[in-house]
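Throughout, protein chains are lettered first and strands after them, A, B, ... in sequence-line order, and every chain is numbered starting at 1.
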Amino acid sequence: MRCAPNPNGPWHVGHARMPAVIGTYRERYDGWFCVRFDDTDPETKRPDLEAYDAILDDLDYLGFEPDATYKASDRLETYYDHARDLIEMGGAYTCSCSGEAFSELKNSGEACPHRDKESETVLEEFEAMIDGEYSSGEMVLRVKTDIEHKNPALRDWVAFRMIDTPHPREEASEYRCWPMLDFQSGVDDHLIEVTHIIRGIDLQDSAKRQQFVYDYFGWDYPEVIHWGHVQLDDYDVKMSTSTISELIENGELDGWDDPRAPTLKSLRRRGIRGEAIVEAMTGLGTSTTDVDLAMSSVYANNRDLIDDETDRRFFVRDGNQIPLAGEPPAEAAPPLHPNHEDRGVREIPVGDSVMLEVADIPDAEEDGDRRIWLKGFGCFRFDDGVLRYTDDDIDAVREGGVDVVHWVPADESVPVRMRTIEGDVRGHAEPGVGDLEPDEMVQFERVGFARIDRHETESDDGDGDEETVAYYAHP
RNA sequence: GCUCCGAUGGUGUAGUCCGGCCAAUCAUAUUGCCCUCUCACGGCAAUGACCUGGGUUCGAAUCCCAGUCGGAGCACCA
């Protein structure tokens, strides 16, 4: 099987579907798959030189290594050779009709005057195309199909055209005569011995077009499956390479790994494993209808993968500082993981005030007993803006009525900027978070999973304040 | 306009080829309960779907026809 990307940028989440499915099939059926960059349009779909490696990198993130990698722009001579053979068989002709003129003839099922040229003439003109003697739009090579075919989309389609703009790859920059996808891909699929093709419904007619070439050469066409488009919920940004690219260009996104971008680089930075994406993608199947991928299913898969090994921490978003009263212990010691006491505890020095999330502060208007349990620490009653230690034991929680909340010490907490799909959230995390290694995953209790990205020193005011940057993964 | 394709709960999917074992599977989501010093993990339960109308048949999610809705192609893009 093959994955045939157009190297015009790093992959968005939807691109993961192809490698996810064919990679999984490869494992299941002891198959083979390659990546073939179909980079045969140096102009309107101009390849981005960095995208080749970016895509292979994304593939690696998903957990796959292709058995082979090709670039169509390395294989022009092969396509030329096959075109020559086709011409000799009378299966193609050079045509200098304008696009509009041909389109009109085609739609009325009429052949153009170039169709009946001698193959010697065609060959000569095609060699001239290869030599770059025409400029863009002057001459094309058409495959002779059936000019009266009931589906107008299949009538005498273009196989090669002239492009004046040089290909960005130096190795291919001298070529001016470029094959169209249907010719290039059709020939390659046979030569590379692809047995099964999966492609989008936008290419539904490709197999039928290419069948004409296969018939001329006497080849058997691979099995084809067409699938619909994938959409993601949860994102404001449209899943389209060009849209994302524009947003990055004009500064609305920080880059391909901005958490607000629906890209693989972004998911990776948020600490979501490639495997979680692959599972969600294979679960979509291969139906021809358009499908909506719920990000929650990616998250559920990821949670399954990381929950057990991810330690717990406290992180208070937009906290309010509240003084403590009474005689609470000087230190709290909640476990790193509730299901793994052997991993030990986090020792959190408390000080004389804490920060709580606004939503967790007991409402003075209500008639409750206004007690809350600071998780891993103890029970307090909220009164007159002060949390007074009650010395109740945990039975107070078990009996009900006392909520357990997360908190951080006001003095020794670590400022955190957490980047999410919806934008940045600021707050404070417990002291130990400042010492975590970048790339480590944490679960901020009652908030969600996040990946520690880096520890920054704010240089603006020069006071050396540290800020930890985390990327939010999911609940 | 011409030509293709498709339609199962909020989402995805199994079942459709070869009609009965389907008052429809599994996952996710949502809700509730249990567990729990997390709104995590785990356990239990509930909610919720065969596009519509005809036809064939003892019997239709499954076969046929029509309609509706949705998608795609008719590029010198991929």
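Between the P atom of B:C76 and the CG atom of A:L105 lies a distance of 13 Å, rounded to the nearest Å. Separating the CG atom of A:L284 from the P atom of B:A29 is a distance of 15 Å, rounded to the nearest angstrom. Distance A:H229 NE2 to B:C5 C1': 12 Å, rounded to the nearest Å. One interatomic measurement links the two molecules: CG of A:D188 to P of B:A78, which rounds to 13 Å at whole-angstrom precision. Here the P atom of nucleotide B:U11 and the CG atom of A:D234 are 15 Å apart, to the nearest Å. Between A:N301 atom CG and B:C26 atom P the separation is 18 Å, expressed in whole Å. For the pair A:Q184 CD and B:A75 P, the computed distance is 20 Å after rounding to whole Å. The distance from atom CD1 of A:I225 to atom P of B:G6 is 13 Å, rounded to the nearest whole Å.
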Just the atom pairs and distances: protein N or O near nucleotides 30-32 of chain B's N or O, under 3.5 Å.
none

Below 3.5 Å is the cut-off: list the nitrogen or oxygen pairs between protein and nucleotides 43-49 of chain B, distance only.
none

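A:G228 comes within contact range of no nucleotide atom at all, as no heavy-atom separation falls under 4.0 Å. A:S103 comes within 4.0 angstrom of sugar-phosphate atoms only, judged by non-hydrogen atoms across all strands, and of no base. Residue contacts for A:M139: at a heavy-atom cut-off of 4.0 Å it reaches no nucleic acid atom on any strand shown. Contacts of A:T310 with the nucleic acid, taken as non-hydrogen atoms under 4.0 Å apart, are absent. Contacts of A:C97 with the nucleic acid, taken as non-hydrogen atoms under 4.0 Å apart, include base atoms. Residue contacts shown for A:V140 include a base, since a base heavy atom lies under 4.0 Å away.
Of the residues in residues 148-157 of chain A, A:K150, A:N151, A:P152, A:A153 come within less than 4.0 Å of RNA chain B through at least one heavy atom, sorted by number. Shown for residues 47-55 of chain A: no residue has heavy atoms falling under 4.0 angstrom of RNA chain B. Listed by residue number, the members of residues 285-296 of chain A with any heavy atom below 4.0 angstrom from RNA chain B are A:S287, A:T288, A:T289, A:D290, A:V291, A:D292, A:S296. Taking a 4.0 Å limit (strictly below) on heavy-atom distances, residues 196-211 of chain A reaches RNA chain B at A:I201, A:D202, A:L203, A:Q204, A:D205, A:K208, A:R209.
Comparing B:G55 with B:U47, their P atoms sit 34 Å apart, to the nearest whole Å. Rounded to whole Å, the P atom of B:A7 lies 13 Å from the corresponding atom of B:C17. Separation of the P atoms belonging to B:G15 and B:C58 is 29 Å when rounded to the nearest angstrom. Spacing between B:U28 and B:A14 at atom C1', rounded to whole Å, works out to 15 Å. Taking atom P on both B:C64 and B:U56, the two are 15 Å apart, rounded to the nearest angstrom. The C1' atoms of B:G6 and B:C51 are separated by 12 Å, rounded to the nearest whole Å. For the C1' atoms, the distance from B:U52 to B:U13 is 24 Å, rounded to whole Å.
The only option from A:I197, A:T286, A:V21, A:T288 that meets the side-chain contact (heavy atoms from CB on, under 4.5 Å) definition with A:I225 turns out to be A:T286. The side-chain contact (heavy atoms from CB on, under 4.5 Å) test with A:K238 singles out one residue from A:I244, A:T243, A:L232, and that residue is A:T243. Of the options A:R176, A:E43, A:R46, a side-chain hydrogen bond (donor to acceptor under 3.5 Å, both in side chains) to A:T165 is made by A:E43 and by none of the others. Screening A:R36, A:H82, A:R2 against A:D188 for a side-chain contact (heavy atoms from CB on, under 4.5 Å) leaves a single residue, A:R36.
A donor-acceptor contact shorter than 3.5 Å is absent between the side chain of A:E445 and the backbone of A:F314.
Using a 4.5 Å cut-off on side-chain heavy atoms (C-beta onward), A:W157 and A:V213 make contact. Contact annotation: the side chain of A:R161 never approaches that of A:Y134 to less than 4.5 Å [non-hydrogen atoms, C-beta and beyond]. By the 4.5 Å heavy-atom criterion applied to side chains, A:R346 and A:L336 are counted as neighbours.
At a threshold of 4.0 Å, the pair A:R169-A:E171 counts as salt-bridged, since one of the basic side-chain nitrogens sits closer than that to a carboxylate oxygen.
Ring geometry for A:Y29 against A:Y25 counts as perpendicular: the plane angle is over 60°, on a 0 to 90° scale with 30° as the lower cut. Using the six-membered ring where Trp is involved, A:F315 and A:F444 have ring planes that are tilted, between 30° and 60° apart.
By the side-chain contact (heavy atoms from CB on, under 4.5 Å) test, A:S245 is found to be paired with A:W256, residues two or more places apart in sequence or in another chain being considered. Under the rule for a side chain to side chain donor-acceptor pair (under 3.5 Å), the partners of A:H474 that lie at least two apart in sequence or sit in another chain are A:N302. Qualifying side-chain contact (heavy atoms from CB on, under 4.5 Å) partners for A:E77, counting only residues two or more places apart in sequence or in other chains: A:Y80, A:Y175. Under the rule for a side-chain contact (heavy atoms from CB on, under 4.5 Å), the partners of A:A473 that lie at least two apart in sequence or sit in another chain are A:I272, A:M441, A:F449.
Taking the ring centre of A:Y52 as origin, the terminal cationic atom of A:K71 falls inside the region bounded by 6.0 Å and 45° from the ring axis. Annotation: cation-pi pair A:R209/A:F183 absent, no NZ/CZ under 6.0 Å from the ring centroid and within 45° of its normal. Note that A:R17 lies in the cation-pi zone of A:W227, set by a 6.0 Å cut-off to the ring centre and a 45° limit from the axis.
When the shell of 6.0 Å around CD of A:E341 is examined, it contains 12 or fewer heavy atoms from other residues, nucleotides or ligands. In this structure, A:E50 places its CD atom where only 12 or fewer heavy-atom neighbours from other residues, nucleotides or ligands lie under 6.0 Å away. Around atom CD of A:E148, no more than 12 heavy atoms belonging to other residues, nucleotides or ligands sit under 6.0 Å away. For CD of A:E347, the number of neighbouring non-hydrogen atoms (other residues, nucleotides, ligands) closer than 6.0 Å is 12 at most.
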Between A:D308 and A:H340, does the side chain to side chain donor-acceptor pair (under 3.5 Å) criterion hold? Intermediate values first, please. CA-CA 9 Å; A:D308 195 62; A:H340 296 280; 2.8 Å; yes
Please test A:V397 against A:E399 for side-chain contact (heavy atoms from CB on, under 4.5 Å), starting from the C-alpha separation and ending with a verdict. CA-CA 5 Å; A:V397 172; A:E399 286 157 9; over 6 Å; no
Per-nt protein contacts along nucleotides 35-41 of chain B (heavy atom under 4.0 Å; B base, S backbone sugar-phosphate only, - none) come out as --BBBBB
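Pairing analysis of RNA chain B (Watson-Crick: purine N1 to pyrimidine N3 plus N6-O4 or O6-N4; G-U wobble: N1-O2 and O6-N3; both under 3.5 Å) yields stems of 3 or more pairs at B:1-7 with B:68-74, B:10-12 with B:26-28, B:29-34 with B:42-47, B:51-55 with B:63-67.
The side chain of A:R17 places no N or O atom within less than 4.0 Å of a non-bridging phosphate oxygen (OP1 or OP2) of B:G12.
In this structure, CG in A:D318 is found 10.5 Å from CZ in A:R426, a value given to the nearest 0.5 Å.
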